[in-house]
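Computed from a prediction, not measured in an experiment: that's the story for all the values here. In what follows, chains are A, B, ... by sequence order, proteins preceding strands, each numbered from 1.
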Number of protein chains: 2
Amino acid sequence: MPELPELTVFADNLSKAVVGKEIVKVDYRGKKSVKVPTEELTRSMVAARIDKVQRVGKQLLVRLSNDATLFIHLMLKGGFVLTKTEELQQLDAVILAVSFADGSALALTDPRGMATVALNPKRGEQPRDGLKVTADYLQAACQRQPNKMIKALLVDQEVIGGIGNAYSDEILWRARISPKSLAGKLPPEAIDALVEAIPAVLNEAVEEIRRRRPDAVSGEVRDFLKVHGPDLKSSPNGARIIKEQIQSKVTYYTEEQKLYR
Amino acid sequence: MPELPELTVFADNLSKAVVGKEIVKVDYRGKKSVKVPTEELTRSMVAARIDKVQRVGKQLLVRLSNDATLFIHLMLKGGFVLTKTEELQQLDAVILAVSFADGSALALTDPRGMATVALNPKRGEQPRDGLKVTADYLQAACQRQPNKMIKALLVDQEVIGGIGNAYSDEILWRARISPKSLAGKLPPEAIDALVEAIPAVLNEAVEEIRRRRPDAVSGEVRDFLKVHGPDLKSSPNGARIIKEQIQSKVTYYTEEQKLYR
DNA sequence: GGCCCTAACAACGA
DNA sequence: CTCGTTGTTAGGGC
């Protein structure tokens with residue numbers, strides 16, 4: 001569930017909580033042999049300090065003082081817990097447990113066990129972040145994949161980093177564009193509307209989440225969304241909300257949104 | 001159109017006609033720069049003798065006395081013409097014209113220009129030939145792609161070499177298996193039925209074609225097929241033949257064929 | 001709700 | 001009725 005807004009807040013709050021701390025113990029219980037050889041992970045982390053925590057697309061990047069870098073993806077249900085070393089064992093569904101020299105601890109948890117940790121991954125082309133989308137960039141992306149539905153393009157992490165199912169619906173409603181519009185058919189006005197809507201929706205969500213859950217490092221608040229959600233019946237303007245599977249994703253939209261095909 | 005049976009007969013007949021002959025002239029008029037650099041082709045062929053012509057999957061392999069190897073794919077409409085050198089220029093749609101020292105000549109023709117010639121292609125893993133499919137092999141292939149429709153698997157040249165759209169329908173009817181069955185759902189009896197049907201259908205077709213067109217090096221006879229064909233209304237047992245697009249291919253089958261899903 | 005992998009399908013070209 | 005490639009969608013598994 002966590003998308004750009006939640007992850008931005010998590011990154012800020014984790015920074016405040018753990019930057020500068022020295023790691024004294026690491027316990028990885030994630031999927032065996034998938035992303036990280038456990039010993040290598042421990043070796044790379046113990047005795048280092050945490051220099052920085054920042055969001056990169058839908059992942060959190062944790063940079064250590066020894067130049068090792070962790071990439072954490074929360075997938076559907078992952079989250080963090082800030083606690084003390086002696087209370088770590090009480091936690092359920094721990095993927096990665098990190099203990100600090102001062103007795104505090106940080107755990108990555110996921111009831112579904114899907115969250116991933118990657119150590120120094122080699123990364124290719126970095127996608128444009130959701131907060132940095134320009135009209136030129138979006139225009140070019142739409143030209144490149146003209147027959148792709150605009151919703152598919154917005155949630156494509158190789159095109160724009162950070163937007164998921166929920167916020168794509170919010171962005172498209174704000175821009176008054178149907179999720180089923182074809183990218184190549186969007187006129188310049190529609191591109192402009194998206195370029196306005198993307199950071200507006202995301203930044204407003206960041207602020208709302210900060211206000212409501214100032215220390216959040218897990219979970220989500222989604223009750224301020226305007227069209228995406230099973231309990232919403234109509235948009236702020238009174239239009240009936242349509243729920244439909246689009247690309248295997250539950251999508252909410254209204255007739256206010258123009259279909260370009 | 002030509003599939004394993006036609007190509008088997010063509011290979012036999014070409015062998016009889018041209019093996020041992022010395023090539024004196026080569027004229028390639030295929031797609032420029034696609035499969036063969038023309039000069040290299042001429043250089044490799046002139047002065048050599050033809051040692052062997054054999055079918056490999058849906059292609060014909062022509063081995064020359066200088067160890068050069070030609071792979072010819074007839075695609076949809078390609079075929080051969082055995083003629084004399086002085087009559088070559090009367091032919092239409094010639095892709096490759098080869099003149100022999102004795103005044104005879106062989107032309108590869110294709111009205112659509114799709115037939116291809118490859119010189120000494122580097123070939124990776126060779127697929128199992130349609131005439132050499134065993135239960136173990138087919139079983140393993142079905143396990144590897146369990147969600148693939150069995151018709152798709154049969155015509156996949158990386159799995160089995162030589163079977164195309166028409167004969168896949170004949171084979172599936174003989175085995176009484178619906179083309180839309182999923183490979184991974186076929187029980188051992190169904191695998192066995194296929195392993196019986198594949199060579200039976202193909203070999204019977206080879207014999208029928210030999211009987212009807214003993215010298216064929218082009219074209220096709222398909223009027224002996226039992227379910228695949230636009231004019232057939234019912235199978236030999238009287239079941240109504242269903243015509244349906246399956247994987248973008250016109251497919252004929254009947255309700256006699258069991259669907260495993 | 002996320003990502004990856006496989007497969008289906010359409011379109012075009014050769 | 002062929003094959004290859006490209007682009008997009010749909011489904012299942014973790």
Rounding to an integer number of Å, can you tell me how far A:Ile163 CD1 sits from C:dG2 P? 11 Å

How would you label the contact of A:Val250 with the nucleic acid (heavy atoms, under 4.0 Å): base, sugar-phosphate, or nothing? sugar-phosphate

Using a 4.0 Å heavy-atom cut-off across all strands, classify A:Lys77 as base, sugar-phosphate, or nothing. base

Need one value for A:Pro146: base, sugar-phosphate or nothing, where a base atom within 4.0 Å counts as base even if backbone is also close, heavy atoms only. sugar-phosphate

Which heavy atom in A:Glu244 sits nearest to a heavy atom in A:Lys180, and how many Å separate them? OE2-NZ, 2.7 Å

Base-contact (B) and sugar-phosphate-only (S) positions in nucleotides 8-13 of chain C, heavy-atom cut-off under 4.0 Å, - elsewhere: SSS---

Under 30°, 30 to 60°, or over 60°: which ring-plane class applies to B:Phe224 and B:Tyr167, parallel, tilted or perpendicular? tilted

Starting at atom CD of A:Glu158, determine the distance to atom P of C:dC5, rounded to an integer number of angstrom. 11 Å

Between A:Gln54 and A:Leu60, is there a donor-acceptor pair closer than 3.5 Å when you use the side chain of the first and the backbone of the second? no

Under the salt bridge (Lys or Arg N to Asp or Glu O under 4.0 Å) rule, what do A:Arg55 and A:Glu3 come out as? Steps first, then yes or no, please. CA-CA 10 Å; A:Arg55 181 189 60 78; A:Glu3 301 183 23; over 6 Å; no

C:dG2 phosphate, OP1 or OP2: any side-chain N/O from A:His73 under 4.0 angstrom? no

What nucleic acid atoms does B:Gly164 come within less than 4.0 Å of, heavy atoms only: base, sugar-phosphate, or nothing? sugar-phosphate

Candidate pair B:Arg128 and B:Glu158, rule salt bridge (Lys or Arg N to Asp or Glu O under 4.0 Å), full reasoning: CA-CA 8 Å; B:Arg128 182 69 58 107; B:Glu158 294 186 4; over 6 Å; no

d(NZ, A:Lys58; P, C:dC4) in whole Å: 10 Å

Kindly say if B:Gln145 contacts the phosphate of C:dT6, meaning a side-chain N or O under 4.0 Å from OP1 or OP2. no

Protein-nucleotide distance (B:Arg144, atom CZ; C:dT6, atom P), rounded to Å: 13 Å

Could you grab the distance from atom OH of A:Tyr253 to atom CD1 of A:Ile242, nearest 0.5 Å is fine? 4.5 Å

Would you grab the first and last nucleotide of DNA chain D (5' to 3') that comes under 4.0 Å of any non-hydrogen atom in chain A? D:dT8 to D:dC14

Check the pair B:Arg210 / B:Asp12 against salt bridge (Lys or Arg N to Asp or Glu O under 4.0 Å), numbers first and verdict last. CA-CA 10 Å; B:Arg210 269 206 196 104; B:Asp12 288 351; 2.6 Å; yes

Between A:Leu61 and A:Val53, is a side-chain contact (heavy atoms from CB on, under 4.5 Å) present by the stated rule, with each step listed? CA-CA 6 Å; A:Leu61 176 163; A:Val53 180; over 6 Å; no

When you look at B:Arg213 and B:Glu220, which way does the salt bridge (Lys or Arg N to Asp or Glu O under 4.0 Å) test go after all the steps? CA-CA 9 Å; B:Arg213 309 253 333 266; B:Glu220 62 195 15; over 6 Å; no

